[in-house]
There are 2 protein chains.
Amino acid sequence: MNNKKIPEATISRLFVYLREVTELDKVNIRTISSSDLGERTNLSDAQVRKDLGYFGQFGVSGSGYAVGELKQSLEKILGKDKTWNVAMVGVGHLGSALLTYSGFSRHGLEIVAAFDTDIRKIGKTFENVVIKPIDDLSKIVAGKNISLSILSVPAREAQDVADILIEAGVKCILNFAPVSLNVPEHVKVKDMDLSRELETLAYFVAGKTNGKNK
Amino acid sequence: MNNKKIPEATISRLFVYLREVTELDKVNIRTISSSDLGERTNLSDAQVRKDLGYFGQFGVSGSGYAVGELKQSLEKILGKDKTWNVAMVGVGHLGSALLTYSGFSRHGLEIVAAFDTDIRKIGKTFENVVIKPIDDLSKIVAGKNISLSILSVPAREAQDVADILIEAGVKCILNFAPVSLNVPEHVKVKDMDLSRELETLAYFVAGKTNGKNK
DNA sequence: AGCTGTGAACCGTTTCACAGCC
DNA sequence: GGCTGTGAAACGGTTCACAGCT
């Protein structure tokens, strides 16, 4: 075992290993080595072993990891026996697309509430979720014990809405608004700034390639 | 000056500084110190100075950075005088939301082509972009000199489509499919695995908080 | 022989701390 | 006095390399 601090990147990769191992299990592959698993996930064998090593020793020297066991262990570690209630704030193009995205619930993430300021949207239903006004956010988030949220409101409203979410007890924000949110220590934010990510990628190939002068 | 290798994280933050400086410029603030800029972006003053330092010395000791100049310098560094053609592949809920998202073009990213396999979608138009079959991808991507792409197809199709994109000359993929894509050295991929990001956030607050047992 | 688990080395990035400039 | 620019130190994470298990 090991009680050192576990890198966030390791946790994130654990979900990737679980995904892969689940596939292997489906096709009845019983055993996988760190190097094979690394190849399937574009990671090094050492990386795979080190990541798994944080949580104990479930490999077998000489043969690798038992797929079924590894799958179960990862599910346990990652809390796959739980479901999470998620609040969605901002039901524009992106927000409504995410509301109808089935990928979340497949991973134990249930969007159980959605909010918007636009009166024309309030009362509408997407995938069994009724859009409510932001004024109701506090009560609903507390009542449904929601600690995860997705923020897809326009940039200028993002900080205000984040404040309301945090005040209501939300602990995590997946932030699609292109702004730097100010949040207290105990709240985790992950920025999903699509334009910025794409521009950053572009920067590194810009030499060889072909943006056009305006 | 400085010709050391520049971290990707630095480039990504440069876009954040530019965003902030653009706001400051709008409200006629003429000067900003590294610590003020750091506060606005939730970064340390040292981080701000080091990032900017990679590209020369545009600060003024004792008073800080001239907002207008810094804005221009950042625009130049980041190639904001260019526009980029982007191909969108997979026009489901998410893909069509992204097609109608105005944030991209505001940043010089023009979605100039969109593709899908679903015959019912082909020929439809979103924001002046006509959906074409994947079979036409190669020709169109080459013809329009497209080096950036957004991949929002189902997981099982993602690798095949990525191969086609790369074969056609695309250099960057913003990947919304929850799979580890195999790509050659010269192609850059940024994974946008929404469920994984949210689950990873959840993991770190799971102790204190309240996922429900299934 | 094959493969894991893990200290140690390495590398990239961030933070510190201070000399130098305005 | 205030703030930049930047080497040096610290940190965090990845890769190496090998002892030990099966």
Side-chain angles (χ1 to χ4, degrees), chain A residues 1-17 20-21 24 29-70 73-74 77 180 188 200 203-204, chain B residues 1-17 20-21 24 29-70 73-74 77 180 188 200 203-204:
Chain A
M1 240 319 179
N2 190 322
N3 46 15
K4 278 186 54 192
K5 192 177 167 297
I6 294 152
E8 181 154 340
T10 290
I11 300 300
S12 186
R13 283 190 297 265
L14 252 35
F15 287 101
V16 177
Y17 302 145
E20 216 56 47
V21 154
L24 292 169
I29 290 171
R30 301 293 190 76
T31 270
I32 182 116
S33 68
S34 58
S35 63
D36 285 355
L37 188 48
E39 213 159 292
R40 285 170 169 272
T41 53
N42 299 312
L43 298 162
S44 71
D45 57 333
Q47 182 80 81
V48 172
R49 291 199 300 279
K50 179 128 290 193
D51 284 340
L52 298 177
Y54 282 108
F55 298 91
Q57 331 190 155
F58 12 72
V60 180
S61 298
S63 74
Y65 300 87
V67 169
E69 276 178 39
L70 183 54
S73 301
L74 287 171
I77 293 163
S180 306
K188 289 195 74 103
T200 302
Y203 179 89
F204 284 95
Chain B
M1 240 317 180
N2 192 322
N3 46 15
K4 279 185 55 191
K5 194 179 165 297
I6 293 151
E8 180 153 340
T10 291
I11 299 300
S12 187
R13 284 190 297 265
L14 253 35
F15 287 101
V16 178
Y17 303 145
E20 216 56 47
V21 154
L24 292 169
I29 290 170
R30 301 293 190 77
T31 270
I32 183 111
S33 68
S34 58
S35 63
D36 285 355
L37 188 50
E39 213 159 290
R40 284 170 169 271
T41 53
N42 301 311
L43 297 163
S44 71
D45 56 333
Q47 181 80 81
V48 172
R49 291 199 300 280
K50 181 127 291 197
D51 284 340
L52 298 178
Y54 282 108
F55 298 90
Q57 331 190 153
F58 13 72
V60 180
S61 297
S63 74
Y65 300 86
V67 168
E69 275 178 40
L70 183 54
S73 302
L74 287 172
I77 292 163
S180 306
K188 289 196 73 104
T200 302
Y203 178 90
F204 285 96

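Chain A is the first sequence line, chain B the second, and so forth, proteins listed ahead of strands; every chain is numbered from 1.
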Exercise: identify the closest heavy-atom pair between A:Tyr65 and A:Ser33: CD1-C, 4.5 Å

Residue list, salt bridge (charged side-chain N to carboxylate O under 4.0 Å, His left out) with A:Glu69, at least two apart or on another chain: none

Spacing of B:Phe58 atom CZ relative to D:dG5 atom P, expressed in whole Å: 8 Å

Residues in salt bridge (charged side-chain N to carboxylate O under 4.0 Å, His left out) contact with A:Glu39, at least two apart in sequence or another chain: none

Those residues that, when tested against B:Thr200, pass side chain to side chain donor-acceptor pair (under 3.5 Å) (two or more places apart): none

Side chain to side chain donor-acceptor pair (under 3.5 Å) partners for B:Asn42, two or more places apart: none

Salt bridge (charged side-chain N to carboxylate O under 4.0 Å, His left out) against B:Asp36, all qualifying residues, sequence neighbours excluded: none

Partners meeting side chain to side chain donor-acceptor pair (under 3.5 Å) with B:Thr41 (sequence neighbours left out): none

Side-chain N,O (B:Arg13) to OP1/OP2 (C:dT14) below 4.0 Å: yes

Heavy-atom side-chain proximity of A:Val60 to A:Thr31 below 4.5 angstrom: no

Any residue meeting side chain to side chain donor-acceptor pair (under 3.5 Å) with A:Ser12, in chain and number order, not counting sequence neighbours: B:Arg196

Distance below 4.0 Å between B:Gln57 side-chain N/O and C:dC21 OP1 or OP2: no

Atom-to-atom span, CD1 of B:Ile11 to C1' of C:dG12 - whole angstrom: 15 Å

Selection residues 51-65 of chain A - residue pairs positive for salt bridge (charged side-chain N to carboxylate O under 4.0 Å, His left out), sequence neighbours left out: A:Arg13-A:Asp51

Between C:dG2 (P) and A:Asp45 (CG): distance, integer Å: 15 Å

For DNA chain D, the residues among residues 33-41 of chain B that have a non-hydrogen atom under 4.0 Å from it: B:Ser33, B:Ser34

Distance below 4.0 Å between B:Tyr65 side-chain N/O and D:dG5 OP1 or OP2: yes

Any residue meeting salt bridge (charged side-chain N to carboxylate O under 4.0 Å, His left out) with B:Lys50, in chain and number order, not counting sequence neighbours: none

Protein N or O to nucleotides 9-11 of chain C N or O, pairs below 3.5 Å:
none

Interatomic distance, B:Leu70 CG vs D:dG5 P [rounded to whole Å]: 10 Å

Nearest-Å distance for atom pair CD1/C1', residues A:Ile32 and C:dT4: 14 Å

Base versus backbone protein contacts along nucleotides 15-22 of chain D [heavy-atom cut-off under 4.0 Å; B, S, -]: BBB--BBS

B:Tyr54 OH to D:dG7 P, straight-line distance once rounded to whole Å: 12 Å

Atom-to-atom span, CG of A:Leu52 to P of C:dC3 - whole angstrom: 16 Å

